[in-house]
Number of protein chains: 2
Amino acid sequence: MATIKDIAEIAKVSRTTVSRVINDTGYVSDDARERVLQAIKRTGYIPSEYAKSLRTKQTKVIGVILPKISTETVSRMVSGITEELSHYGYQVLLANTNLDPVLEIDYLKLLKARQVDGIILVATNVSDALIKEIHKLTIPFAVLGQEIPGVTSIHYDDYQAAYDITRHVIKKGHTSIGFIGVPEADQAVGYERKRAFIQAMRDHALPLNEHWIQEAKFDIDSGNEAIKRMFESRDKLAPTAVIAVTDRLAIGAMQYLKERGLSIPHDIGITGMGNSELSRYVTPPLTTIHYHYKTAGEEVARIILDKIDGKNNDEKKSALSYRLIERDSL
Amino acid sequence: MATIKDIAEIAKVSRTTVSRVINDTGYVSDDARERVLQAIKRTGYIPSEYAKSLRTKQTKVIGVILPKISTETVSRMVSGITEELSHYGYQVLLANTNLDPVLEIDYLKLLKARQVDGIILVATNVSDALIKEIHKLTIPFAVLGQEIPGVTSIHYDDYQAAYDITRHVIKKGHTSIGFIGVPEADQAVGYERKRAFIQAMRDHALPLNEHWIQEAKFDIDSGNEAIKRMFESRDKLAPTAVIAVTDRLAIGAMQYLKERGLSIPHDIGITGMGNSELSRYVTPPLTTIHYHYKTAGEEVARIILDKIDGKNNDEKKSALSYRLIERDSL
DNA sequence: CTGGAATATGGAATCGATTTCACATCACAG
DNA sequence: CTGTGATGTGAAATCGATTCCATATTCCAG
C-alpha cells in the first residue's frame, strides 16, 4: 500500500502539499496539484482512515448495537439507519448482541475504544447496568425502540397503539377479550402494551379474566402455547377475540385456533402488532398496527448526526407514528 | 479521554511498561503492574483502537458488503457472520448498497481505506466492473451467494437444487409445468436455476411451453403478475404445476391462483425456494428448498479468518447443502 | 566471584495522516 | 520603489499506541 510519503516523493512535493491536494485546502499551484493527482492515480493510493482519525479525532463511523439482526423489525431499522448515514459519508459498525445483556455492555466499551463518532442502541430489554454504562458515555448516543430516562430516544407510542387496537376490538362488539403479552422486562412491548390493554378494558367497564391474560416469549410457537393455556383453563370459557402484542404471537395463536377447527374471524377474532410481512400473507390476513420502522431508523440517524454537529445536544424524546391496519382476522 | 501517556504519568512508569501490562507481554514487576492497573481503573482508560491499528496494521474489523439488509436471506447470513467473527474478537463494518452497483465499488474502496482485515461480499448481481475491482484487492476476500471465477466463494448449489425440485414435481405426476424465474444477470438465482429447470424437463422428455416460462423481479407482486401472464396467454392452456425460484414469487403466484378460485394443490401445485418464514405460514404451506443461510454466514466468516491467519490462502469454492421441504402446496 | 541468563524498565523510532508555523515569492497599490 | 496581502511550499509537531534496542539490576551456575 502506498502512503502519503510515497506520493510526496513521486510528485516531488512535501507531504503537506499532498494533504492539501487531497483535502482541497490551502494554496496549491496547478502544476504541483497535477503531479500529485497523477501520482495518486498511478499508484492507486487511498489515504488511511486510521491515520486520519488518529489525528482528526473523527472516525465517520457510527456504532449500532442491536439485539438480534435477523428479525424484520430490526433489519428494517438498520436499513433506515445505514441509508441515512451513508448520505453523509458515515459508515456503520455493527454489534450484534444476540440478546445477551453482557455483550451489550462489552460492545459499548468496544465501540468507545474504536472512538466511533456516535452510538445507536436498538433496545429491547434494558438492564440497570446498561443504563449506568450509558450515562457514563461522553459521545453522542441515542436509543431506538425504548424510552430510557435522561437519554435521547426514539420510541413507538406503545401505550397509545395498544390502547387504540383494544378499543378497536371493543368497538367491533367484543366483550370477552383475551391478551397475549411478553415479559414486562421489555418496557415497551411487555409493560406498556399490557398496561394499555388493561386500561382500555377498564375504561369500557369490561371484565378481565385472569386466564385470558397470558404471557409468551417472542416466537410463533410460544403464541400457540399461550392461547392453548387460555382455552384449556378450567372454567371452559373462551374469549371471542384475542389481542397479541406481536404479529408472530398472533400467528402462532391462529395456528392453534385453526387446528381446533375454529373459524377466524367468525368464531374468534385476532389481532397482532407490527405489520410484519407475514401478517399480510397468512390466511386470513391479520389486523395489526403498522409501525414505520425504517423511518424510525432514518430519524435516529439524523438525530445522531445533529448531535455530532453540536446542534440539539440536549435530551430529546420522540414518539413515532403508527396506524391501524384492518384486515380480515377480526 | 485518558491516553497511555496519562496512565504512564499516574503510575510513574513509562508508556512502554503500560503497554506491556495491557498486552501482557515482556517483563513487568508486580509492583509496577499493580500501579498501572490501578491507574487504568481509576481513569476508565480504554486504549485507542485507531492508534493501535496504525502501528500494528491489524484492525480486527471485517467489512461486509451487502445488497440489501432487510431481507430474510441476507439478515440470516449476517447473523451467522457476526456471531462467528465475534468469537475471535472481530467486528463487522456494514456496507449496505441497497442494490446500487456503483455503491458496491465505492464501498470496496472505502473498506480498503479503513484497512479492514478482510472483506465479505454478499452478492446478487455481479458486474464485470466489480469483478475487476475485486481482483485488484490484496486483502483477504470472499463472496457469499454467487460464484466468481478466481475468487473464494461459498455458494449454494443452485443448479442441483433447482434440478431436484423440478424432478420432484415431475415425480408427483405433473407433465405441464410452468416456471417463474428472475433476470439471468443474477447468476445463481436467475441463470442456474432456470438452466436446471430446462435440463430436468428435457431429461424427462417433457415439453417446454414458452408462455409458461416467465421472468419476474424479486418481490411478491411480481410473482403475481408473472403467473397472470402465464394464464392469460392466448393458447388458453395452463400448467398443472408451477415452480418459482423464490418463495416470495411463489407466494405472489398463490395469491393470483386463489383469486382465480383455483385450489392449491388440487387444481394446481406450486413450489418455491428458500424456505422463508413466510413459506411455512401461508395457506397451504409451501413446498420449498431449505438453504442453511446462517450456516453459510458462519462458514464464510471462518474462511476469511483462515485467510487472515495465512492458512488456506488459495482460491476455494464450496457449495452448501440444502434440502427439499415437502409441505402441502404440491 | 564472575559471567551469562533472566528480569525489569525506559528512550526513541515508527505507523500515516493533519496542521501549525515559518518562510519565500509575487503582484500590485500608493 | 516599498510595503502589504495573496499565493505557494515545506519542516516539524502531533495524534496514541507498539516495538526495537539499550541499559540496569538480580540471580544463579560453574
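Chain naming here is simple, since letters A, B, ... match the order of the sequence lines and numbering starts at 1 in each. All figures in this text were calculated on a predicted structure; none of them were measured in a lab. Every heavy atom of this structure was used, including side-chain atoms; hydrogens, water molecules and symmetry mates were not.
A tilted orientation is assigned to the rings of A/Y291 and A/Y156, their planes being inclined by 30° to 60°.
Taking atom NZ on B/K112 and atom P on C/dG16, their separation rounds to 16 Å, with Å as the unit. Taking atom CD1 of residue B/I4 and atom P of nucleotide C/dG11, one finds them 13 Å apart after rounding to whole Å. One atom, CG of B/N23, and another, C1' of D/dG16, lie 13 Å apart when rounded to the nearest Å. Between the CD1 atom of B/I22 and the P atom of D/dG16 there is a distance of 14 Å, given to the nearest Å. As a whole-Å value, the separation of B/Y50 OH from C/dT18 P is 15 Å. As rounded to whole Å, 10 Å separates atom C1' of D/dT14 from atom NZ of B/K5. Between the CD atom of A/E34 and the P atom of D/dG8 there is a distance of 15 Å, rounded to whole Å. Distance CE (A/M1) to C1' (C/dC15): 13 Å, rounded to an integer number of Å.
Nearest-nucleotide mapping onto DNA chain D: of A/K12 and A/R15, the residue sitting toward the 5' end is A/K12. Closest-nucleotide positions on DNA chain C for B/A32 and A/S19 were compared, and the one nearer the 5' end corresponds to B/A32.
In summary, B/K60 and B/E49 do not engage in a salt bridge, as defined by a charged side-chain N under 4.0 Å from a carboxylate O.
Here the side chain of B/K307 pairs no donor or acceptor atom with the backbone of B/R302 at under 3.5 angstrom. Between the side chain of B/S53 and the backbone N or O of B/Q58 there is at least one donor-acceptor pair closer than 3.5 Å. With hydrogens and angles disregarded, a donor-acceptor distance shorter than 3.5 Å links the side chain of A/D100 to the backbone of A/V102. Formation of a donor-acceptor pair under 3.5 Å by the A/Q146 side chain with backbone atoms of A/T124 is found in this model.
With distances taken from any side-chain atom of A/S29 to the nucleotides D/dG8, C/dG16, D/dA17, the minimum falls on D/dG8. When each of D/dA17, C/dT20, C/dA17 is scored by its nearest atom to the side-chain atoms of A/T3, the top-ranked nucleotide is C/dA17. In the set C/dT9, D/dT18, D/dG8, the nucleotide with an atom closest to the side chain of B/Y27 is C/dT9.
Judged by distance alone, with hydrogens and angles left aside, B/T16 brings a side-chain donor or acceptor within reach of the base of C/dG11, the pair sitting under 3.5 Å. A donor-acceptor contact under 3.5 Å is not formed by the side chain of A/R33 with the base of D/dG8.
Note on B/V18: nothing from the nucleic acid sits closer than 4.0 angstrom, heavy atoms only. Across all strands, A/S48 comes closer than 4.0 Å only to sugar-phosphate atoms, never to a base (heavy-atom distances).
DNA chain C lies under 4.0 Å from at least one heavy atom of each of the following residues of residues 53-63 of chain B: B/L54, B/R55, B/K57.
Just one of A/R35, A/E34, A/R42 meets the side chain to side chain donor-acceptor pair (under 3.5 Å) condition when paired with A/Q38; it is A/E34.
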